[in-house]
Amino acid sequence: MRKIAIVTLVAAPLLVGSLTAGSVLASGGRSADEQALAPLRGAASRSVEQRVDRLLAQMTVKEKLQQVQLLSDGQVTDADARAGVGGVFSLTDPTRIDQLQRIAMTESRLKIPILFAYDTIHGYRTIFPVPLAAASSFDPEVAKADARIGARESATVGIKQIYSPMVDVSHEPRWGRIVEGNGEDPYLGSAFAAARVKGAQGNDYGRPDRTLTSPKHFVAYGQPEGGRDYNTTDLSEQRLRNLYLPPFKAAIEAGADSIMCSFNAINGVPGCANHYTETDILKKEWGFDGFIESDYTAVTETIAHGTAADAADAGAKALMAGTDSEMVSTTLRDNGEQLLADGRISKRRLDDAVRRILRVKFRAGLFERPYVDQAKAVDPASFLTSADRAAARTAAGRSMVLLHNEDQALPLDPAKDTAVIGPLADNQHDMLGPWWGRGQDADVVSVRQGVTDGSTGTTTFAQGCTLSNEEPPDYDPADDCGSAAGFAEAVAAANAADQVVLALGETREMSGEAATRSTLDLPGRQQELIDAIAATGKPFAVVLFNGRPLTLSGVVDSAPAVLEAWFPGVEAGNAVADVLFGKVNPGGKLPVSFPQRLGQVPIYYNHEPTGRPCDVTQKYTSRYRDLRSCDPLFPFGFGLSYTTFEVSDLALDRTTVSRKGEVVASMTVTNTGDVAGDDVAQLYLHDPVASISQPVRRLRGFERVTLEPGESRTVRFTLDASDFGFYDNRGEFVVEPGEIQVFAGDDSTADLTKTFRVRR
Ligand code: NOJ
């Protein structure tokens with residue numbers, strides 16, 4: 001159940017020139033169908049079911065086994081299309097897509113269209129900031145704009161399904177895929193999951209400029225042991241339901257009709273052979289009537305997991321657990337007839353899988369509009385339009401988080417001479433992040449270019465050192481800023497300039513799938529480069545490009561200002577310059593905690609209490625012997641601005657509430673500084689006495705507000721049982737009587753507090 005924040009204007013004093021962006025996203029073409037998001041059901045749905053029935057009745061077993069097969073671009077042949085293969089992914093050539101579709105529509109016996117899919121995660125050609133960055137905006141419109149434009153560009157070449165949003169909640173910064181999700185919080189993650197589904201699908205993914213979405217990876221893939229990708233997760237029922245499932249539920253409620261099961265084992269059972277999560281929860285409990293596709297070879301991988309004996313066994317177990325479509329591996333297509341004959345899979349279940357796939361193909365309008373508009377698909381004007389670029393620039397600006405700003409080191413003066421230094425300063429490639437779709441390096445505005453264009457002083461450049469883009473076995477961490485040979489040139493450039501922008505961080509290859517790191521430090525000798533620049537005495541700011549929380553204590557000690565820019569996408573340099581020179585006042589907040597040291601991982605704000613809470617002055621407490629505090633360096637929800645804010649007047653409209661009742665919490669945010677800026681009002685709850693111990697805080701409301709100097713705004717959140725209750729270890733949602741503490745502020749350490757009581 002989503003809450004709506006109602007924002008009331010309290011006072012609107014003198015307008016001083018606005019430093020805050022946002023208008024492009026808000027006005028950039030939100031179509032009417034996105035505003036009225038009713039899923040396609042009712043009469044239309046009855047006719048879809050009849051059409052599915054008619055088609056299914058004509059299908060042979062072989063045709064059904066083709067329909068549940070999903071092949072990659074490298075695998076698929078004309079013969080597959082002729083045989084009636086269900087889906088193809090990663091193919092982006094509109095001519096080949098059309099060719100295969102024409103074979104399916106004219107030469108296959110039943111003329112069932114192929115569903116073409118692609119990983120449009122943060123853009124197809126117009127690459128937006130990575131999802132972890134978008135989540136930092138605390139503005140779901142950022143994600144919605146990304147999904148809307150990505151879906152439109154994808155659909156233009158014939159792609160009708162995107163393998164997005166990635167909604168895995170994660171407390172694991174070593175894991176490279178933390179970059180693809182929305183961070184550590186299920187509430188924020190749910191809001192962004194829903195926004196991406198609505199952005200891509202609108203209220204009808206059958207429209208030519210829309211695609212079906214496929215939230216992934218179902219489920220708990222974000223918590224691999226040791227942070228190693230694909231590794232085991234073992235979790236309690238309450239964690240499964242309170243932390244990992246909510247964003248999937250939100251995505252499905254927003255209209256997602258397909259979902260991807262995960263590589264990992266959940267309590268010993270692989271995600272794509274897991275009857276409990278796939279059938280009991282997703283299909284039965286939630287009433288999901290779309291289809292589940294496996295992740296890449298995840299069905300055969302159940303053999304390596306040790307839960308299937310061979311390919312036939314893997315296929316049987318995956319299908320009977322609830323997986324409807326098999327990606328890349330062909331265990332069902334190869335063995336399905338025999339499995340049916342042996343009674344190891346049922347006709348009923350196979351029909352159900354096919355029915356789900358056909359249903360979605362009908363809803364997608366593929367039978368009516370199977371082909372690509374070739375003229376549009378090859379017209380460069382269909383992609384990366386100036387409006388799309390403007391939206392990507394706004395999104396990137398809204399996603400950046402100002403972590404540190406001593407003595408107002410930022411914003412920089414655009415009239416001064418700037419040295420742009422660092423391995424990522426004159427870089428286009430890495431700015432795109434780890435899922436660049438069809439994005440091209442040449443499309444990207446580098447930081448060097450953005451600073452040059454955004455200032456009137458001269459801009460000079462020195463690389464300092466280089467980072468490696470190699471993959472194993474050629475990758476050697478020693479190649480990441482391993483040499484200080486370029487430092488002297490960098491120092492000279494700094495000395496010759498008035499101010500320095502130091503662009504540091506990770507390569508895009510260090511994030512994403514199979515990109516776990518065993519350290520969260522800045523790779524190589526980048527810290528030494530910071531220290532060398534600091535020694536010049538020139539004013540400077542570190543701008544970070546990375547896909548995970550990093551350990552930044554040294555950076556913060558040496559640098560006057562630190563801006564977390566993540567991987568900002570195609571408009572990276574312009575967006576960075578907007579923020580550095582104060583055209584955009586940063587208002588992003590961290591969607592994930594940044595530890596002081598790797599040894600604190602997992603560290604997350606919504607942890608349960610312990611019997612002996614951390615007290616570094618006391619030996620027998622839950623502390624680190626070698627750390628002066630258990631806190632993260634930067635907490636969830638944290639981010640600075642060029643102005644200052646005060647959050648005050650937390651109020652509740654009642655002190656007791658029935659289990660079915662509502663409580664309205666309000667707080668006032670005031671811009672106490674001299675320039676306009678954005679803050680994020682954040683509301684947290686804690687249940688201090690419950691049948692199972694409850695997280696010390698849980699985010700249950702947020703709203704990003706733009707305020708002129710001196711302006712105040714009161715933000716209200718309506719809380720109900722979905723907020724006071726929780727799932728217990730039997731999988732029951734319970735609302736227990738007793739006190740609930742409410743905290744208000746602008747990060748997760750929020751200290752304004754009030755309580756109410758849930759009545760018996
Ligand atoms: C594997 C990844 O885990 C998944 O996220 C992606 O959608 C598929 N490959 C297809 O590319």
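Atoms within a ligand are numbered from 1 in the order they appear, just like the ligands themselves. Note: hydrogens, waters and symmetry copies are ignored here, and every other heavy atom, side chains too, is used. Numbers here are sequence positions counted from 1.
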Evaluate [X] for polar contact with ligand 1, using N/O atom pairs at a separation under 3.5 Å.
| X | value |
| --- | --- |
| K216 | yes |
| Y221 | no |
| H217 | yes |

Report yes or no: does a heavy atom of E180 sit under 4.0 Å from some atom of ligand 1?
->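 No.
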Which protein heavy atom lies closest to atom 1 (C) of ligand 1, and at what distance to 0.1 Å?
->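 Looking at atom 1 (C) of ligand 1, the protein heavy atom closest to it is D295 OD1, 2.9 Å.
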Name the closest protein heavy atom to atom 7 (O) of ligand 1, giving the residue it belongs to and the distance to 0.1 Å.
->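 Nearest protein contact, heavy atoms only, for atom 7 (O) of ligand 1 is D119 OD1, 2.6 Å.
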In terms of atom number and element, which parts of ligand 1 are under 4.0 angstrom from non-hydrogen atoms of [X]?
| X | result |
| --- | --- |
| M260 | 4 (C), 7 (O) |
| F89 | 10 (C), 11 (O) |
| Y163 | 7 (O) |

Minimum heavy-atom distance between W435 and E180, given as atom pair plus value |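 Answer, listing the atom of W435 first, then E180: NE1-OE1, 2.8 Å.
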Location of contacts on R177 toward ligand 1, heavy atoms closer than 4.0 Å |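 The answer is the side chain.
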Evaluate side-chain hydrogen bond (donor to acceptor under 3.5 Å, both in side chains) for Y118 paired with R438, printing each intermediate quantity in order.
-> CA-CA 10 Å; Y118 192 63; R438 300 295 297 171; 5.0 Å; no
How about R82: does its CZ atom have over 12 heavy atoms from other parts shown lying under 6.0 Å from it?
->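 More than 12 heavy atoms, drawn from other residues, nucleotides or ligands, come within 6.0 Å of this atom.
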So, the side chain of T120 versus the backbone of G123: is there a donor-acceptor pair under 3.5 Å, distance only?
->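 No, T120 side chain to G123 backbone: no donor-acceptor pair under 3.5 Å.
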Under the 6.0 Å and 45° cation-pi test, does R102 pair with Y371?
->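 Relative to the ring axis of Y371, which defines the angle, R102 lies inside both limits.
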Any salt bridge between D388 and R148, counting N to O under 4.0 Å?
->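 The answer is no: the pair does not qualify as a salt bridge.
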Do Q161 and E293 have side-chain atoms, one donor and one acceptor, less than 3.5 Å apart?
->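 The criterion, which ignores hydrogens and geometry beyond distance, is satisfied for E293 and Q161.
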